[in-house]
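Reckoned from all heavy atoms, side chains included, excluding hydrogens, waters and symmetry mates. Position 1 is the first residue of the sequence, and the numbers go up from there.
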Amino acid sequence: MDKKTFAQFLIFCSAVLGAWWVASYIWFRPEPAAPRPPEAAPAVIAAAEAPEGRSPRALQGTEGPAAAVPDEPVPEPATALLDNGMIRTEWTNRGGALARLDLLDERYRAPYEVGGERPVLTLLRDFQDGLCSDVLESLTFYVADPQGGERVLEFPVGDRLYELAREPGGRLAFSTVVRDPHGHAVEVRKTVTAEPGAHHYKVDLEFRNAAEAPCKFAFALRGPAGIERESLATGNLGTRVGLSERRDSYSVKKTSTGDLSKGQRVNESADIAWAAVVNHYFVAVLNPEDAAWVNRVVSRSIIDSDLLAGRGRWPVGSIRREADRARLAAQNAAIVLHSTAQKLEPGQTLLIRYALVAAPKEPALLESYDRGFGKLIEYGILPGVSKLVVALLKAVYRVLPNYGVALILMTIIVRALLHPLTRKSQIGMAKMQKLQPMLEELQKKCGDDKQRLTQEQMELWRKYGVSPMGGCLPLLLQMPVLFALFGALRAAIELRHAGFLWVEDLSRSDTLFTFKFFLPIVQNEFNLLPLLMAVVMVVTQKSAMQASTEQARQQQKMMKFMPVIFAVFLYSMPSGLCLYILTSTLVGTFERWLVQRHTDTIELRPVGESPRKGKPTRPGTRPAGRPSGWMGRLQKMVEEQGKPGPQPRRRPKKK
């Protein structure tokens with residue numbers, strides 16, 4: 001393959017990669033849902049979204065701030081615990097809010113250590129000081145205007161002290177009454193139930209009109225406010241909104257924390273089914289039983305107080321530049337569900353039921369909720385193939401219960417399945433090398449006549465059944481498999497905290513120790529696997545067959561930069577990816593050694609010419625070097641594809 005052909009190959013690879021990205025975007029993006037029909041707007045709308053990270057301020061048309069009438073007596077601050085064996089929740093009567101949620105499954109410990117051990121994973125807490133999850137954030141009253149319109153009064157109730165009581169069956173009940181100066185009184189009652197062994201708890205949120213006149217109001221329910229991040233990288237951190245397209249079919253609208261740092265995002269799509277905050281391996285979903293009351297979902301960023309203050313997991317020195325703390329601290333997310341306007345007659349009650357699901361991204365667990373939660377697992381651009389790869393990884397793990405060993409065996413299995421294509425590629429490159437002397441003679445013969453040289457080269461390749469792209473095509477066919485493996489290894493929660501040799505966590509980089517200073521690319525971490533991978537690739541290149549022509553030698557010089565590029569690109573990637581590429585490189589070296597044992601005996605002869613005398617073959621026997629069984633049939637099929645087809649007949653010109 002000369003320099004021009006190699007450049008064409010790179011362009012073709014880039015085009016194929018771009019086509020895969022475009023196709024995956026078209027096939028797997030969520031379909032846009034029709035917007036909700038607009039409601040009749042009040043005459044004066046004074047309620048506004050509060051600044052990010054702050055409680056909403058009460059507004060009353062043009063009359064100034066409204067203040068809820070205080071109730072007597074005011075209860076004292078109190079907390080309570082609910083534990084169902086799978087999740088442990090801590091509640092506060094300040095807002096009737098969820099102050100903390102821990103996952104008790106030993107498989108999902110925290111991504112950091114305290115005293116040399118990983119503590120229980122706290123998935124939800126007040127990441128922004130004082131901003132809890134699952135809390136009624138505000139009530140909005142619609143007041144009749146003397147001119148026949150409506151004015152809007154919004155009251156913040158997120159910091160209100162509720163009465164807390166523990167009911168039979170282990171339920172917690174929070175209650176309060178919200179009044180306004182215009183005689184409205186709404187009794188709010190929130191009952192929390194933790195089902196044994198479940199990854200969720202259920203909530204009954206009741207609104208009762210305690211006044212003697214009809215009441216029209218709306219409310220804002222804050223769901224998960226922040227979620228524990230796996231690392232400083234926030235590529236998988238953000239919000240997700242589930243849309244019910246049709247029966248048992250859901251699409252997901254994604255918003256990243258990078259988008260939220262530019263301002264809050266409002267989703268007013270029709271048929272909103274649920275809303276969630278997600279990180280790399282876990283989800284926290286506010287799942288209404290009937291979401292007909294949801295008018296819109298607001299996604300907004302919150303400030304991680306620990307990261308901003310340099311405490312807890314993020315002490316001073318954990319970030320390269322302290323000026324980056326402000327940029328990174330805002331990159332957590334919260335969701336707020338705003339209701340449609342509700343009207344209650346005196347004594348009438350409105351019941352809103354929902355569950356808060358806190359679970360790992362396990363397909364079987366998420367799909368058991370039958371609400372499209374499985375789409376929260378992001379497998380990359382080829383989700384179908386990636387799922388098959390994860391299934392293969394789990395199958396190998398059942399035989400050898402170590403995911404490092406399972407990953408190595410899975411890599412060997414994949415390379416064995418692709419061996420016929422690899423062997424065809426390497427044999428094609430060997431034949432091209434044997435044709436180089438003939439090609440050089442053609443170059444001397446044709447001189448500067450480029451058109452004739454091209455025709456002569458094509459005729460020579462056709463004569464000996466060699467294609468200049470024959471060695472590249474198998475590599476292109478492997479690209480979807482490589483992308484699927486990349487997506488699978490990044491999405492498989494089974495690799496989280498899975499150890500192998502010195503690697504403590506295959507889902508993260510294999511950091512052996514950290515420096516007290518920061519360097520470009522490596523930051524302050526020393527990761528061994530990417531460096532070992534680069535060394536193996538260099539040794540493999542040194543042991544490869546030396547090029548016999550100037551063009552091939554130039555290609556080998558260009559390929560010398562590949563180990564450095566891979567090491568830089570994969571230095572901070574999950575160690576499972578590095579282990580896969582390292583294993584694949586070693587297996588590829590062994591494959592090349594096997595093939596090179598037979599390349600010297602390859603004879604170049606025109607297509608259709610019989611083998612030389614002295615080497616007869618019996619009828620019905622397979623050619624030497626071809627495996628038997630389905631592998632042989634697959635290799636034969638690939639070889640047949642590389643042969644030139646019949647030439648079309650030329651019609652005689654009419655006189």
Sequence neighbours left out, what pairs pass side-chain hydrogen bond (donor to acceptor under 3.5 Å, both in side chains) with at least one residue falling in residues 380-397?
K394-E494
Judged by atom type as modelled, is there a donor-acceptor pair below 3.5 Å linking the side chain of [X] to the main-chain atoms of [Y]?
{"X": "N84", "Y": "E195", "result": "yes"}
{"X": "H200", "Y": "L356", "result": "no"}
{"X": "R265", "Y": "L260", "result": "no"}
{"X": "N93", "Y": "Y162", "result": "yes"}
{"X": "K375", "Y": "Y250", "result": "yes"}
{"X": "N287", "Y": "A355", "result": "no"}

Holding to salt bridge (Lys or Arg N to Asp or Glu O under 4.0 Å), I want the full list of residues that pass it with D306, two or more places apart in sequence or in another chain.
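Applying salt bridge (Lys or Arg N to Asp or Glu O under 4.0 Å) to D306 gives R125, R311.
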Specify the closest pair of heavy atoms between [X] and [Y], including all atoms of both residues, with the distance to one decimal.
{"X": "A330", "Y": "S301", "answer": "O-CB, 3.3 Å"}
{"X": "Y281", "Y": "I493", "answer": "O-CD1, 3.5 Å"}
{"X": "G95", "Y": "V135", "answer": "O-CG2, 3.3 Å"}
{"X": "A491", "Y": "I377", "answer": "CB-CG2, 4.3 Å"}
{"X": "A334", "Y": "A225", "answer": "CB-CA, 3.7 Å"}
{"X": "S305", "Y": "Q128", "answer": "OG-CA, 3.5 Å"}

Start with the C-alpha distance between R166 and L172, add both sets of side-chain angles, then the distance that settles side-chain contact (heavy atoms from CB on, under 4.5 Å), and finish with yes or no.
CA-CA 5 Å; R166 186 176 290 273; L172 295 179; 3.7 Å; yes
Are T239 and S299 close enough, and set up right, to give a side chain to side chain donor-acceptor pair (under 3.5 Å), and what steps lead you there?
CA-CA 7 Å; T239 65; S299 302; 3.0 Å; yes
Can you list the steps and then say if T176 with R160 is a side chain to side chain donor-acceptor pair (under 3.5 Å)?
CA-CA 8 Å; T176 188; R160 189 183 187 87; 2.8 Å; yes
Within the 4.5 Å heavy-atom criterion, are [X] and [Y] side-chain neighbours or not?
{"X": "L366", "Y": "V285", "value": "no"}
{"X": "D259", "Y": "S256", "value": "yes"}
{"X": "V186", "Y": "C215", "value": "yes"}
{"X": "E378", "Y": "K254", "value": "yes"}
{"X": "L337", "Y": "W293", "value": "yes"}
{"X": "P111", "Y": "R496", "value": "yes"}
{"X": "T79", "Y": "W91", "value": "no"}
{"X": "V241", "Y": "V252", "value": "no"}

Have a look at Y201 and tell me which of D134, L82, T193, V357 forms a side-chain contact (heavy atoms from CB on, under 4.5 Å) with it.
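Running side-chain contact (heavy atoms from CB on, under 4.5 Å) over D134, L82, T193, V357 with Y201 returns exactly one hit, D134.
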Indicate, with yes or no, if the rings of Y369 and W274 have centres closer together than 6.0 Å.
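Here the rings of W274 and Y369 have centres that are no less than 6.0 Å from each other.
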In Å, rounded to the nearest 0.5 Å, how long is the span from [atom1] of [X] to [atom2] of [Y]?
{"X": "N332", "Y": "L307", "atom1": "CG", "atom2": "CG", "value": "9.5 Å"}
{"X": "Q342", "Y": "F219", "atom1": "CD", "atom2": "CZ", "value": "6.5 Å"}
{"X": "L139", "Y": "E154", "atom1": "CG", "atom2": "CD", "value": "9.5 Å"}
{"X": "T92", "Y": "L164", "atom1": "OG1", "atom2": "CG", "value": "8.5 Å"}
{"X": "D304", "Y": "I227", "atom1": "CG", "atom2": "CD1", "value": "12.5 Å"}
{"X": "C132", "Y": "E137", "atom1": "SG", "atom2": "CD", "value": "12.0 Å"}

D102-T122 side chain donor-acceptor pair, cut-off 3.5 Å:
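Yes.
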Taking 4.0 angstrom as the limit, do K361 and E230 come out as a salt bridge?
no
What do the steps show when you test I272 against L243 for side-chain contact (heavy atoms from CB on, under 4.5 Å), and what is the final call?
CA-CA 5 Å; I272 292 175; L243 306 177; 3.9 Å; yes
Trace of the side-chain contact (heavy atoms from CB on, under 4.5 Å) decision for R109 with L121
CA-CA 5 Å; R109 289 274 176 168; L121 174 62; 5.8 Å; no
Which label fits F217 and F207: parallel for a plane angle under 30°, tilted from 30 to 60°, or perpendicular past 60°?
tilted
Going through the checks in order, is the side-chain contact (heavy atoms from CB on, under 4.5 Å) test met by D290 and R353?
CA-CA 7 Å; D290 182 2; R353 286 179 172 170; over 6 Å; no
Excluding sequence neighbours, so at least two apart, what forms side-chain contact (heavy atoms from CB on, under 4.5 Å) with V399?
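In terms of side-chain contact (heavy atoms from CB on, under 4.5 Å), with neighbours along the sequence ignored, V399 is linked to no residue.
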